[in-house]
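Take a look at the structure set out below.
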Amino acid sequence: MTDLVSLADIKLHLRLGDDTIEDALLTTMLRAAQRRCETHMGRKIDADPDHPLGEDDLILVGQAIRVLVGAWYRDRAGGDGDLPQPVLWLLQDLRVIAV
């Protein structure tokens with residue numbers, strides 16, 4: 001699995017300092033967010049030769065991951081289970097729909 005967003009990136013996004021007390025939680029959230037984005041898009045970020053993601057696409061996915069981790073970090077109960085609207089907007093054009 002590609003680390004599209006690093007732990008340092010997400011800590012900066014969340015405006016957290018260098019304290020490592022939440023590193024394990026944030027790492028788990030990062031991996032889960034990437035997997036959730038892949039599921040929504042219907043493709044793997046780093047291993048889909050039929051539908052490769054370009055550099056601009058990866059920027060959108062990276063931002064979607066940041067937004068999703070931020071939402072989960074703020075609401076650790078998980079909210080209603082739906083993806084936040086900004087994540088849906090970021091990923092909408094990247095979905096692969098089976099016909």
Side-chain angles (χ1 to χ4, degrees):
M1 180 180 282
T2 299
D3 290 331
L4 194 56
V5 178
S6 70
L7 180 59
D9 292 337
I10 202 62
K11 289 171 92 171
L12 181 63
H13 177 75
L14 296 173
R15 297 183 178 168
L16 300 176
D18 291 332
D19 190 359
T20 60
I21 195 164
E22 304 239 43
D23 284 4
L25 172 66
L26 292 171
T27 299
T28 299
M29 287 180 168
L30 275 168
R31 294 189 74 201
Q34 180 168 325
R35 180 69 180 106
R36 184 62 186 92
C37 287
E38 288 175 336
T39 299
H40 181 75
M41 291 186 304
R43 63 166 95 182
K44 295 277 188 194
I45 290 169
D46 58 356
D48 192 345
D50 294 329
H51 305 285
L53 291 168
E55 188 176 332
D56 289 343
D57 297 336
L58 292 174
I59 290 169
L60 293 173
V61 176
Q63 185 61 18
I65 291 169
R66 286 181 196 89
V67 171
L68 188 52
V69 170
W72 289 344
Y73 189 78
R74 283 187 306 279
D75 181 6
R76 297 195 187 185
D80 59 10
D82 291 334
L83 288 174
Q85 192 62 48
V87 173
L88 295 173
W89 288 330
L90 287 162
L91 301 177
Q92 71 185 354
D93 293 334
L94 304 176
R95 294 187 75 191
V96 175
I97 300 173
V99 186

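All of these numbers come straight from a predicted model, not from anything done at the bench.
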### Query
Where the side chain of R36 meets the backbone of L83, is there a donor-acceptor pair that is under 3.5 Å apart?
no

### Task
Please name all residues satisfying side-chain hydrogen bond (donor to acceptor under 3.5 Å, both in side chains) with S6, sequence neighbours left out, ordered by chain then number.
D9

### Query
How close do A33 and W72 get, heavy atom to heavy atom, and via which atoms?
N-CZ3, 3.4 Å

#### Entry: Any M29 side-chain heavy atom under 4.5 Å of I10 side chain
no

Could you pull out every donor-acceptor pair under 3.5 Å between side chains of residues 17-25 and any protein atom, sequence neighbours left out?
from	atom 1	to	atom 2	distance (Å)
D19	OD1	I21	N	3.2
E22	OE1	R76	NH1	3.4
E22	OE1	R76	NH2	3.3
E22	OE2	Y73	OH	2.8
E22	OE2	R76	NH2	3.3
D23	OD1	K11	NZ	2.9

### Query
In Å and rounded to the nearest 0.5 Å, what is the CG to CG distance from L26 to L14?
6.5 Å

### Query
Between L88 and H40, is any pair of side-chain heavy atoms under 4.5 Å apart?
yes

### Task
Give the minimum heavy-atom separation between P84 and L68, together with the two atoms involved.
CD-CD1, 3.6 Å

### Message
Could you report the tightest heavy-atom contact between A64 and V87, atom names first, then the distance?
### Response
O-CG2, 3.6 Å

### Query
Do the non-hydrogen side-chain atoms of Q63 and I59 ever get within less than 4.5 Å of each other?
no

### Polar side chain donor-acceptor pair, T39 to R35, under 3.5 angstrom
yes

## Note on the structure
In this structure, CG of L4 is separated from CG of L53 (nearest 0.5 Å) by 9.0 Å

### Query
Tell me, which pairs form a salt bridge (Lys or Arg N to Asp or Glu O under 4.0 Å) where one or both residues lie in residues 54-71, sequence neighbours left out?
none

### Message
As an exercise, state the distance from SG of C37 to CG of L94, rounded to the nearest 0.5 Å.
### Response
10.0 Å

### Message
Please say yes or no: joined through hydrophobic side-chain contacts below 4.5 Å, possibly via intermediate residues, are W89 and I65 part of one cluster?
### Response
no

### Atom of H13, atom of V67 and distance for their closest heavy-atom approach
NE2-N, 4.2 Å

### Query
CG/L60 to CG/L90 distance, rounded to the nearest 0.5 angstrom?
6.0 Å

